[in-house]
**Q** 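Just dropping this structure here.
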Amino acid sequence: MPRLRFKISMSLDGFVAGPSQSVENPLGIGGGRLHEWAFRLAAFRALLGFEGGEVSESTPVVEESLANIGATVMGRNMFGGHPGPWDAGKPWNGWWGADPPFHHPVFVLTHHAREPLALEGGTAFTFITDGIEAALHQARKAAGGKDVSLAGGAHAARQYLAAGLVDEMEINLVPTLLGSGERLFDGVGDNLHGLELVRTVAAPKVTHLKFAKR
């Protein structure tokens, strides 16, 4: 069965986004510092259509995280836009423009129904209103035998972690403090549901901690 693979960047004090998140500042105050290490990498820049970048100890970690992914699941907050019902007059189509970097089916958890959204490059967003297991079931079917990426945000990730549905988790631990914002593990408890630390990679600006079910 395709694995559910989750990756996220986190500060030393446990935050995956800063305070005061908004459409204008989706990562919250200071949240951009969590991803500076990735934007330096040629492998990550190529995913976004940019040239240049560097190669470091993080390169094989990022390349592995992108390999063999056939579908993605994400929460409404990560897809973005305003809370509540969708605005038919000014539809929100995500942060990524007309050609998002996924290039495969994406399933968005939401409480508000919406017709599927097909964009360029093979990315198609399907909006799921009947819970995390339904979204994962559809994503696995769409993945065609490949793995499924759990893209976040924190609220969606907590639900999958608490339900024991995550097969692999990569925490990119960034040496910075945000002080407040959104924590990844609030309310999850002290049970990793079979996930064990299987690899540690130290890079200059980040430490990658990989957990997996054996």
**Q** Any non-hydrogen side-chain atom of Ser149 less than 4.5 Å from a side-chain atom of Arg5?
**A**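 The answer is no, as the side chains (C-beta and beyond) never meet within the 4.5 Å cut-off.
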**Q** Taking the side chain as every heavy atom from C-beta outward, state whether Val73 and Val148 have any atom pair closer than 4.5 Å.
**A**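 The answer is yes, as the side chains (C-beta and beyond) meet within the 4.5 Å cut-off.
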**Q** If you measure from NE2 on His193 to CE on Met169, what distance do you get to the nearest 0.5 Å?
**A** 10.5 Å
**Q** List the residues meeting salt bridge (Lys or Arg N to Asp or Glu O under 4.0 Å) with Asp167, not counting sequence neighbours, and say none if there are none.
**A**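 If we apply the salt bridge (Lys or Arg N to Asp or Glu O under 4.0 Å) test to Asp167, skipping adjacent residues, the hits are Arg140.
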**Q** Under the salt bridge (Lys or Arg N to Asp or Glu O under 4.0 Å) test, which residues partner Arg199, sequence neighbours left out?
**A**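 Testing Arg199 for salt bridge (Lys or Arg N to Asp or Glu O under 4.0 Å), a comparison that skips the adjacent residues, returns Glu64, Glu170.
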**Q** So how far is it from Asn172 CG to Ser58 OG, rounded to the nearest 0.5 Å?
**A**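 Rounded to the nearest 0.5 Å, the CG-OG separation comes out at 7.5 Å.
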**Q** Please determine whether the number of non-hydrogen atoms from other residues, nucleotides or ligands lying under 6.0 Å from atom NZ of Lys213 exceeds 12.
**A** yes
**Q** Working to the nearest 0.5 Å, report the span between CG of Asp13 and CG of Leu177.
**A**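 Nearest 0.5 Å value for the CG-CG distance: 4.5 Å.
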**Q** Would you name the heavy atoms of Trp86 and Gly80 that are closest together and state the gap between them?
**A** CZ3-O, 4.3 Å
**Q** I'd like to know whether NE2 of His137 has more than 12 heavy-atom contacts from other residues, nucleotides or ligands below 6.0 angstrom.
**A** no
**Q** Which pair of heavy atoms, one from Phe6 and one from Leu184, lies closest together, and at what distance?
**A**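 Distance-wise, the nearest heavy atoms are CZ-CD1, 3.9 Å.
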**Q** For the CZ atom of Phe15 and the CE atom of Met10, what is their distance to the nearest 0.5 Å?
**A** 10.5 Å
**Q** Are the side chains of Leu195 and Leu161 in contact, using a 4.5 Å heavy-atom criterion?
**A**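 Yes, their side chains come closer than 4.5 Å.
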**Q** Does atom CD of Glu115 have more than 12 heavy-atom neighbours, drawn from other residues, nucleotides or ligands, at distances under 6.0 Å?
**A** no
**Q** Holding to salt bridge (Lys or Arg N to Asp or Glu O under 4.0 Å), I want the full list of residues that pass it with Arg183, two or more places apart in sequence or in another chain.
**A**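 Applying salt bridge (Lys or Arg N to Asp or Glu O under 4.0 Å) to Arg183 gives none.
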**Q** Which pairs with one or both residues in residues 28-42 pass salt bridge (Lys or Arg N to Asp or Glu O under 4.0 Å), sequence neighbours excluded?
**A**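 Output for this query is empty, none listed.
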**Q** Given the rule that I, L, V, M, F, W and Y join up when any side-chain heavy atoms are under 4.5 Å apart, are Met78 and Phe127 in one cluster?
**A** yes
**Q** Does the pair Val108 and Ile128 meet the rule for a side-chain contact (heavy atoms from CB on, under 4.5 Å), with working shown?
**A** CA-CA 6 Å; Val108 181; Ile128 307 297; over 6 Å; no
**Q** Examine Leu41 and Val174 and state if one hydrophobic cluster contains both, with Ile, Leu, Val, Met, Phe, Trp and Tyr joined whenever side-chain heavy atoms are less than 4.5 Å apart.
**A**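 Both belong to a single hydrophobic cluster.
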**Q** Is there a side-chain contact (heavy atoms from CB on, under 4.5 Å) between Leu117 and Phe79? Walk through the geometry before answering.
**A** CA-CA 12 Å; Leu117 172 66; Phe79 182 76; 4.2 Å; yes
**Q** So, for Ile132 and Ala163, which heavy atoms are closest and what is the spacing to 0.1 Å?
**A**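 Scanning both residues, the minimum pair turns out to be CD1-CB, 4.0 Å.
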**Q** How close do Ser11 and Leu34 get, heavy atom to heavy atom, and via which atoms?
**A**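 Reported closest heavy-atom pair: N-CD2, 3.5 Å.
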**Q** Taking the side chain as C-beta and beyond, is there a heavy-atom pair between Thr129 and Thr110 under 4.5 Å?
**A**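 Yes. Closest side-chain heavy atoms under 4.5 Å.
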**Q** Under the ring-ring contact (aromatic ring centres under 6.0 Å, His included) definition, can you give me all pairs with a residue in residues 16-46, not counting sequence neighbours?
**A**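 For residues 16-46, and leaving out neighbouring residues, the ring-ring contact (aromatic ring centres under 6.0 Å, His included) pairs sorted by first residue read Trp37-His208, Phe39-Phe44.
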**Q** Could you pull out the closest heavy-atom pair between Thr126 and Gln138, with the gap in Å?
**A** CG2-OE1, 4.4 Å
**Q** Between Pro85 and His82, which heavy-atom pair has the shortest distance, and what is it?
**A** O-CE1, 2.9 Å
**Q** Examine Val61 and Ile8 and state if one hydrophobic cluster contains both, with Ile, Leu, Val, Met, Phe, Trp and Tyr joined whenever side-chain heavy atoms are less than 4.5 Å apart.
**A** no
**Q** Measure the shortest side-chain to side-chain distance between His112 and Arg76 over non-hydrogen atoms and say whether it is less than 4.5 angstrom.
**A**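 The answer is yes, as the side chains (C-beta and beyond) meet within the 4.5 Å cut-off.
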**Q** Does some side-chain heavy atom of Thr207 sit less than 4.5 Å from a side-chain heavy atom of Thr200?
**A** yes
**Q** Distance check, rounded to the nearest 0.5 Å: Asp87 atom CG versus Arg114 atom CZ?
**A**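 The distance works out to 10.0 Å.
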**Q** What about Phe211 and Val62, same hydrophobic cluster or not, with Ile/Leu/Val/Met/Phe/Trp/Tyr joined at side-chain heavy-atom distances under 4.5 Å?
**A** no
**Q** Centroid separation under 6.0 Å, is that true for the rings of Phe102 and Trp96?
**A**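 Trp96 vs Phe102: aromatic centres under 6.0 Å.
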**Q** Rounded to the nearest 0.5 Å, what separates atom CG in Leu150 from atom CZ in Phe107?
**A**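 Nearest 0.5 Å value for the CG-CZ distance: 13.5 Å.
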**Q** I'd like to know if Leu48 and Trp95 are part of one continuous hydrophobic network [Ile/Leu/Val/Met/Phe/Trp/Tyr, side-chain heavy atoms within less than 4.5 Å].
**A** no
**Q** Does a salt bridge link Glu196 with Arg214, judged by any charged N lying under 4.0 Å from a carboxylate O?
**A** yes
**Q** Any non-hydrogen side-chain atom of Leu136 less than 4.5 Å from a side-chain atom of Leu165?
**A**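 When only atoms from C-beta onward are counted, Leu165 and Leu136 do touch, with a gap below 4.5 Å.
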**Q** Test side-chain hydrogen bond (donor to acceptor under 3.5 Å, both in side chains) on Thr123 and His104 and set out the steps.
**A** CA-CA 5 Å; Thr123 300; His104 57 232; over 6 Å; no
**Q** Any non-hydrogen side-chain atom of Glu182 less than 4.5 Å from a side-chain atom of Gln21?
**A**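 Touching, per the 4.5 Å side-chain cut-off.
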**Q** Among all residues two or more places apart in sequence or in another chain, which pass the ring pair (Phe, Tyr, Trp, His ring centres under 6.0 Å) test with Phe185?
**A** none
